[in-house]
Amino acid sequence: MTQIGMCFPRTYPAALVTDVARRLDQGGADELWIIEDCFYTAGPSLVSAALTSTERLTVGLGIVPAVARTAAVTAMEFATLDALAPGRFLPGIGHGVQEWMGQMGVRPKSPLTALEEVTTAVSRLLAGENVTVEGTTVHLKDVQLDAPPTEPPPILLGVMGPKSMALAGRVGGGIVLAEPATPAYVRQSIEYAGSPEGFVVAVFSAFCVREDRTSAYEWTAPWLGVRLEENHPGLKALPFYDEMRKLYDESGADGLVGMPADWWTDIGAVGTLDDAAAHIDALESAGVHHIGLFPDPEVAHGMPQLDHVLALANR
């Protein structure tokens, strides 16, 4: 059964994470997904706080950039977080935004090569191996974790392009897809990854529940317009993408508000509570195992959505 939870946006204050985690844990939700983006809050620290303040909640980390830490330090952090709550931690690694990597002086010549080297090295370290590597990005000599996990968690790769999806299928334990993760995009991504056995699929879904659809659509349309301008692959996979793009080009966000309800249901958990449930069911049918519902980035607007997360998780 698909696990349902909530994302903790990068803009939320760090001190709020324990309250959110406890409310989800006690209310019957399955998981919390921590978002790490430069230069906001640090993901592993928030994951630690969430894990140690709950009893049963799974906490995902989506994602740490491959080159922001050395592979050995990433493995140490993952092993430590798993030890705090065995079986309740889901780690994610991705390319990171390359502009941000450049700001920190760690931008690799080949993000794809860097992600493969880091993922492979971290996986081997978590498996308890003694690792020596002289790669393009990863340089290790006789490195071995003192306390690797008894059962290493799958490493999910936060990627977008076909080549990166194929890489995830070769060296990762699964993928984590950023919002908007449409069912069509999920199927496409699994295909690009080669449909490996046991492949874990986690997604973040745009989330806005209101008493009436129009209010939810009006609130979400500007965000959707930005994703269209970015040519987000989650949208380009949709069969009605060209029609939707034409609406936006001609009428802006106002044009998106009047889209058919089934288009909105494909795009996210947007509309009424029943619409959100239909989106979740469609993702489950597409092969998704974990869903992080992504609320508004402003606390005042996003936190009231937590009750809707609980309602959906307890269906």
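Looking only at side-chain heavy atoms (C-beta outward), E55 and R22 stay at 4.5 Å or farther from each other. Within the 4.5 Å cutoff, no side-chain heavy atoms of L283 are placed close to those of I280. Within the 4.5 Å cutoff, side-chain heavy atoms of M303 are placed close to those of R23. When side chains are defined from C-beta on, L126 does not count as touching P148, because their heavy atoms never get closer than 4.5 Å. Between D242 and R245 there is no side-chain heavy-atom pair separated by less than 4.5 Å. Contact check for Y40 versus T11: side-chain heavy atoms found under the 4.5 Å cut-off.
Without hydrogens or angle criteria, Q305 side chain to V209 main chain gives a donor-acceptor distance under 3.5 Å. For the pair Q3 (side chain) and H289 (backbone), a donor-acceptor distance under 3.5 Å is absent. Using a distance-only test at 3.5 Å, with no hydrogens or angles considered, a donor-acceptor pair links the side chain of N314 to the main chain of L310. E117 places a side-chain N or O within 3.5 Å of a backbone atom of T137 that can act as its donor or acceptor partner. Put simply, the side chain of R56 gets close to the backbone of A29: a donor and an acceptor are under 3.5 Å apart. Within the 3.5 Å criterion, the main-chain N or O of V288 finds a donor-acceptor partner in the side chain of T2. In terms of modelled atom types and a separation under 3.5 Å, the side chain of S205 and the main chain of G268 share no donor-acceptor contact.
The minimum heavy-atom distance linking W100 with F39 is given by the pair O-CZ, 4.1 Å. In this structure, P111 and Q98 approach most closely via the heavy-atom pair CG-OE1, 3.6 Å. Here the closest non-hydrogen pair linking R124 and N130 is NH2-O, 4.0 Å. In plain terms, the two heavy atoms of L156 and A202 that are nearest each other are CD1-CB, 4.0 Å. The two residues H279 and T265 make their nearest non-hydrogen contact at ND1-O, 2.7 Å. Of all heavy-atom pairs between A276 and L312, the closest is CB-CD1, 3.8 Å.
No single ILVMFWY cluster, assembled from side-chain heavy atoms under 4.5 Å apart, contains both M101 and I63. Criterion: ILVMFWY side-chain heavy atoms under 4.5 Å apart, direct or through other members. Under it, I93 and V200 are not part of a common hydrophobic cluster. Note: the hydrophobic cluster containing Y248 also contains I267 (ILVMFWY, side chain heavy atoms under 4.5 Å, direct or indirect links). Following chains of ILVMFWY side-chain contacts shorter than 4.5 Å, one cannot reach L24 starting from F294, and the two form parts of different hydrophobic clusters. The hydrophobic cluster containing V138 also contains V159, counting ILVMFWY residues as joined when their side-chain heavy atoms lie under 4.5 angstrom apart, directly or transitively.
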Less than 3.5 Å apart, which donor and acceptor atoms pair up between the side chains of residues 79-92 and the rest of the protein, not counting sequence neighbours?
{"unit_1": "T80", "atom_1": "OG1", "unit_2": "M76", "atom_2": "O", "d": "2.8"}
{"unit_1": "R88", "atom_1": "NH1", "unit_2": "T54", "atom_2": "OG1", "d": "3.0"}
{"unit_1": "R88", "atom_1": "NH1", "unit_2": "L57", "atom_2": "O", "d": "2.7"}
{"unit_1": "R88", "atom_1": "NH2", "unit_2": "L51", "atom_2": "O", "d": "3.1"}
{"unit_1": "R88", "atom_1": "NH2", "unit_2": "T54", "atom_2": "O", "d": "3.2"}

N/O donor to acceptor pairs below 3.5 angstrom from side-chain atoms of residues 160-185, sequence neighbours left out:
{"unit_1": "S164", "atom_1": "OG", "unit_2": "H95", "atom_2": "NE2", "d": "2.8"}
{"unit_1": "T182", "atom_1": "OG1", "unit_2": "Y185", "atom_2": "N", "d": "3.2"}
{"unit_1": "T182", "atom_1": "OG1", "unit_2": "G234", "atom_2": "O", "d": "2.7"}

Please table the atom pairs, donor to acceptor, closer than 3.5 Å between any side-chain atom in residues 218-226 and protein atoms at least two apart or in another chain.
{"unit_1": "W219", "atom_1": "NE1", "unit_2": "D296", "atom_2": "OD2", "d": "2.8"}
{"unit_1": "T220", "atom_1": "OG1", "unit_2": "A216", "atom_2": "O", "d": "2.8"}

Which atom pairs, donor and acceptor, lie under 3.5 Å between side-chain atoms of residues 64-71 and protein residues at least two apart or in another chain?
{"unit_1": "R69", "atom_1": "NE", "unit_2": "E77", "atom_2": "OE1", "d": "2.9"}
{"unit_1": "R69", "atom_1": "NH1", "unit_2": "E36", "atom_2": "OE2", "d": "3.1"}
{"unit_1": "R69", "atom_1": "NH2", "unit_2": "E36", "atom_2": "OE1", "d": "2.9"}
{"unit_1": "R69", "atom_1": "NH2", "unit_2": "E36", "atom_2": "OE2", "d": "3.4"}
{"unit_1": "T70", "atom_1": "OG1", "unit_2": "V73", "atom_2": "N", "d": "3.2"}

Apply side chain to side chain contact (heavy atoms under 4.5 Å, CB included) to Y12 and V17, showing your working. CA-CA 8 Å; Y12 284 15; V17 73; over 6 Å; no

Kindly determine whether R10 and L46 satisfy side chain to side chain contact (heavy atoms under 4.5 Å, CB included), including the steps that lead there. CA-CA 11 Å; R10 65 188 188 182; L46 293 180; over 6 Å; no

Carefully, step by step, assess L238 and M244 under the rule side chain to side chain contact (heavy atoms under 4.5 Å, CB included). CA-CA 9 Å; L238 291 167; M244 179 171 58; 4.0 Å; yes

Go through it in stages, so that I can follow the logic: the residues are T113 and E116, the test is side chain to side chain contact (heavy atoms under 4.5 Å, CB included), and I'd like the CA-CA distance, side-chain angles, deciding distance and then a yes or no. CA-CA 5 Å; T113 299; E116 180 167 10; 5.8 Å; no

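Applying the side-chain hydrogen bond (donor to acceptor under 3.5 Å, both in side chains) criterion to S215, with sequence neighbours excluded, gives D212.
Pairs of residues two or more places apart, or lying in two chains, that qualify as side-chain hydrogen bond (donor to acceptor under 3.5 Å, both in side chains) and include a residue from residues 267-276 are R213-D275, T272-D275.
Atom CD1 of residue I4 and atom CD1 of residue I291 lie 4.0 Å apart, to the nearest 0.5 angstrom. Distance CE/M104 to SG/C38: 4.0 Å, rounded to 0.5 Å. Separating the CG atom in L235 from the CD atom in E230 is a distance of 9.5 Å, to the nearest 0.5 Å. Between L61 atom CG and I34 atom CD1 the span is 8.0 Å, to the nearest 0.5 Å.
The aromatic rings of W33 and F204 stand perpendicular to each other, their planes meeting at an angle above 60°, with 30° marking the opposite boundary.
No more than 12 heavy atoms of other residues, nucleotides or ligands shown are found within 6.0 angstrom of CD on E191.
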